[in-house]
Amino acid sequence: MVWIDPLDGTKEFVKGNLQAVTVLIGLSINGYSRFGVVHNPFDSTDPLKGVTHFGSGEHGTFQMTYDHKTSTHSQPSYLRPFEQTALDDNHQITVAASLNHFNRTTSDVLKSIEPMKIVRLGGAGNKCANVVQGNVDSYIHASQGLKYWDMCAPESIVKGMGGFCTDFKQ
C-alpha cells in the first residue's frame, strides 16, 4: 500500500510556518512500513532550500538538498545511524511535541519522563525529520489523531537510522 500525504502540516501551512510543511510518501507491505520519503520544501535553516530524507530499515537513510534559486539538488548523502551510546550527565533529553495537538494526556506522559526539554513543532513529518537530523531526541504524540499517511514514511526513515516507532494500546 502506498500512503501519500501531499501537505502534511496543513495548519502550519495556512499560518505561514512553511518549515513545518512536508510531503510524505510511504510504502507499507503487510501492514509494516518499508520505505519512506519525507520532503521539506522549505528547510528550517534556509527557506530558499528544501531537504528530502528517504530510506528504509534495510538500506538506511539518505538526505538530499534542493536549492530553489538555482533549481539544483545535491547528490544523496548517507546519514549515519543514531549513536547507541549512553548519554552523559550533561545531556538534556529533547522531545518534539505537537503545536496543535498538545493535550493533558501528552502533558502527563511528558511529565513522567522529566527532566527533559519540550520542543513544540508542527507537522508529523517535520517532527520526525527533526529526530533524524538530531535536532531532538524523540517525538512523542500521546493522543489519537495520527493516521497511516502521517507515519508510514517517517517510520521507515527513523528505522533506517536505527530507531523505532511504537504505539501503545490502552
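Predicted model only: the values in this text are computed from it and were never measured.
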Output for pair (Lys117 NZ, Gln92 CD), nearest 0.5 Å, gives 6.5 Å
Between Leu121 and Asn130, is any pair of side-chain heavy atoms under 4.5 Å apart?
-> yes
When every non-hydrogen atom of Asn40 is compared with those of Thr22, the smallest separation belongs to ND2-CG2, 3.2 Å
Discussion item. Are Ser28 and Met1 packed together at the side-chain level, in the sense that at least one heavy-atom pair is separated by less than 4.5 angstrom?
Written reply: yes
NZ (Lys69) and NZ (Lys49) are apart, to the nearest 0.5 Å, by 8.0 Å
**Q.** Shared hydrophobic cluster, Val131 / Met161 (ILVMFWY, side-chain heavy atoms < 4.5 Å)
**A.** yes
For residues Leu7 and Val37: do they belong to one hydrophobic cluster (side chain heavy atoms under 4.5 Å, members Ile, Leu, Val, Met, Phe, Trp, Tyr)? no
Neighbour count >12 (heavy atoms, 6.0 Å) for atom CZ, Phe82
yes
Does any part of the side chain of Glu12, heavy atoms only, come nearer than 4.5 Å to the side chain of Gln19, both counted from C-beta?
no
What I'd like to find out is whether the side chain of Gln63 reaches to under 4.5 Å of the side chain of Val132, using heavy atoms alone. no
- Query: Looking at side-chain heavy atoms only, is the closest gap between Cys128 and Met151 below 4.5 Å?
  - Reply: yes
Any Pro76 side-chain heavy atom under 4.5 Å of Phe54 side chain:
yes
- Query: Side chain of His53, backbone of Val158: donor and acceptor closer than 3.5 Å?
  - Reply: no
dist Thr65:OG1 -> Gln75:CD (nearest 0.5 Å) comes out at 10.0 Å
Would the number of heavy atoms belonging to other residues, nucleotides or ligands and lying under 6.0 Å from OH of Tyr66 be above 12?
-> yes
- Task: Could you state whether Leu24 and Val2 fall into the same hydrophobic cluster, counting links through intermediate Ile, Leu, Val, Met, Phe, Trp or Tyr residues with side-chain heavy atoms under 4.5 angstrom apart?
- Result: no
Closest non-hydrogen contact found for Val21 with Pro41 is O-CD, 3.3 Å
NE2 of His73 to OG1 of Thr52, rounded to nearest 0.5 Å, is 10.0 Å
Check the orientation of Trp149 and Trp3. Use parallel for under 30°, tilted for 30 to 60°, and perpendicular for over 60°. tilted
So Phe35 and His59, ring-ring contact (aromatic ring centres under 6.0 Å, His included) or not? Walk me through it. CA-CA 9 Å; Phe35 183 81; His59 299 98; 8.3 Å; no
Partner of Val51 under side chain to side chain contact (heavy atoms under 4.5 Å, CB included), picked from Asp46, Val38, Asp43, is Asp43
Here the gap from His39 atom NE2 to Met64 atom CE, rounded to the nearest 0.5 Å, amounts to 10.0 Å
Beyond-backbone contact of Phe62 with Leu79, side-chain heavy atoms, under 4.5 angstrom
no
Smallest heavy-atom separation, Gly36 atom then Ser156 atom, equals N-CB, 3.5 Å
Worked verdict on Asn126 versus Asp8 for side-chain contact (heavy atoms from CB on, under 4.5 Å): CA-CA 8 Å; Asn126 179 50; Asp8 181 56; 5.7 Å; no
Whether the Asp137 and Thr94 side chains hold a donor-acceptor pair (N or O, under 3.5 Å, no angle test) is what I'd like checked.
yes
dist Ser138:OG -> Lys127:NZ (nearest 0.5 Å) comes out at 12.5 Å
